[in-house]
Number of protein chains: 2
Amino acid sequence: MARGSQTRQRIMDVAQEAILDKGFDATSIDEIVANAEITKSGFFYHFRDKNALARALIERHIEIEDALFDDLFERARELSDDPLQQLLIGLKLLAELLADIPGGHPGCIVATAAYQDRLFDHEVREANRRAVLGWRSRFRDMLETVQQTYPMKENVSLDHLADMFSVVIEGGLVMARAVNDPRLTEQQVLLLRSYLNLLFSPASRSV
Amino acid sequence: MARGSQTRQRIMDVAQEAILDKGFDATSIDEIVANAEITKSGFFYHFRDKNALARALIERHIEIEDALFDDLFERARELSDDPLQQLLIGLKLLAELLADIPGGHPGCIVATAAYQDRLFDHEVREANRRAVLGWRSRFRDMLETVQQTYPMKENVSLDHLADMFSVVIEGGLVMARAVNDPRLTEQQVLLLRSYLNLLFSPASRSV
DNA sequence: TTCAGAACCGCACTGGTGGTACAGTACCTT
DNA sequence: AAGGTACTGTACCACCAGTGCGGTTCTGAA
């Protein structure tokens, strides 16, 4: 069983690299099978069609990203007991992480899927939707905890605010690509941090 | 000469509708020529290849969007003499505009191009880049004027802040698609407005 | 009225790509 | 030895971007 899933992983690795570099459509199955050192028949043994590959990639991506966020905010919790500080520290760590990836963040498969969504079938879009809603509830929980200690200075929806995390990250990745500036995403995450600081922090001190 | 450019416009209209609906690759030339009531030869008479069509669409989109922003903030200037209020009013008008489009905003061609950029040639990416940098300088100018009257409460880069307009709009459009919630973009623009209000507004009144 | 050029049409063709079908084979576990 | 898993190899199809080129229609200037 190790042999099969190993090949499957290899196909996905090769495919992901090519897709993040060139886009889903620009990556042909022939190219993937060549780089993964497998035959076309072998590819279709593991994936029913190209959609199945996309779905697998998105699902894997969600897991990795979730684990990454878990780790990030776990470290933030270790560094402070204050919920607001945890949030601000977590965002700082996220910005650093985005900055540390050499050559800039490769981009987000979820956004790729969203912008080519008619290419994918319903299951792919559903997986994508689940991922985004998962992030919303994650950040919403954190914001609620913060709000219990620190009242907001402006009355904004916590759901919308939670979505802003994803919006800034995804939008940042899009714009980083458009202007070819890999540091843009990191800068935008820090602006979100600045917003949350102004919104919740009681003293109007600069951070 | 009216005849030629008329056909060209018709091709672009038909193509844009299909591309925003399904994505660039999912839209075949055969489909475009059928809906535009022209032949394939006719299409290639007007556009050297599919890239030329994309380039033309992006350039037209930039013009339209620029005119839209011009109009929006012109109206904001009519409503207030205060630079901060102009900015906040402009964002409110933008949010209303995004909300008013029936069925939600169709999406942004610039982001589509950014996420499939390897599909496009250098000229297309350059046009895209120019558009984004144009927005940056537009919003930067406005922010600078605001800053002359209202000092920022946190010291953030005006360039980054200017980029945040595009980031929130583009990211909002991506996420709106992902969760199938057309109102998301509008909500995010209002959050950006809330941030700018907190950042520049001297009194900590709620708006 | 003529006539050149712009704006097409019609059709045949090429190469690449996603996907199918199916027979055969190496390997690994029971 | 048997049987499933994990493939290989080959042949094939439909669709799509793009080419080539000869022919046709429309239009504005001389």
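For clarity, every value in this text was computed on a predicted model and none was experimentally measured. A note on names: the letters A, B, ... follow the listed sequences, proteins ahead of strands, and every chain is numbered from 1. When reading the values below, keep in mind they use all heavy atoms of this one structure, side chains included, and skip hydrogens, waters and symmetry mates.
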> Does the pair B:R138 and B:D70 meet the rule for a salt bridge (charged side-chain N to carboxylate O under 4.0 Å, His left out), with working shown?
Replying inline: CA-CA 10 Å; B:R138 167 195 288 274; B:D70 283 342; 3.0 Å; yes
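- Residues passing the side chain to side chain contact (heavy atoms under 4.5 Å, CB included) test with A:F44, sequence neighbours excluded: A:I29, A:K40.
- OP1 or OP2 of D:dA6 has not a single side-chain nitrogen or oxygen of A:H46 nearer than 4.0 Å.
- What separates CZ of B:F43 from C1' of C:dG10 is a distance of 18 Å, to the nearest Å.
- In this structure, B:F24 atom CZ and D:dA17 atom C1' are separated by 11 Å, rounded to whole Å.
- For an aromatic pair to be called close, the ring centres must be under 6.0 Å apart, and B:Y195 with A:Y195 satisfies this.
- Listed by first then second residue, pairs satisfying salt bridge (charged side-chain N to carboxylate O under 4.0 Å, His left out) with a partner in residues 9-18 of chain B read B:D13-B:R60, not counting sequence neighbours.
- Within the 3.5 Å criterion, the main-chain N or O of B:H160 finds a donor-acceptor partner in the side chain of A:Q188.
- Between A:R177 and B:E170 there is no salt bridge, since no side-chain N of the basic residue sits under 4.0 Å from a carboxylate O of the acidic one.
- With the nearest nucleotide of DNA chain C identified for both B:T7 and A:K50, B:T7 has the one nearer the 5' end.
- In this structure, a donor-acceptor pair under 3.5 Å is present between the side chains of A:N197 and B:E154.
- For B:E74, the side chain to side chain donor-acceptor pair (under 3.5 Å) partners two or more places apart in sequence, or in a different chain, are B:R77.
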All N/O pairs under 3.5 Å across the protein-nucleotides 20-29 of chain C interface:
none

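- Atom P of nucleotide D:dA17 and atom CZ of B:F47 are separated by 15 Å, given to the nearest angstrom.
- Here A:Y45 reaches the OP1 or OP2 of D:dA6: one of its side-chain N or O atoms lies under 4.0 Å away.
- For A:N180, the side chain to side chain contact (heavy atoms under 4.5 Å, CB included) partners at least two apart in sequence or on another chain are B:R129.
- As rounded to whole Å, 12 Å separates atom C1' of D:dG18 from atom CG of B:N51.
- The stretch residues 28-38 of chain A touches DNA chain D through A:I38, each having a heavy atom within less than 4.0 Å of the strand.
- At whole-Å resolution of the value, CD1 in A:I11 and C1' in D:dC7 are 10 Å apart.
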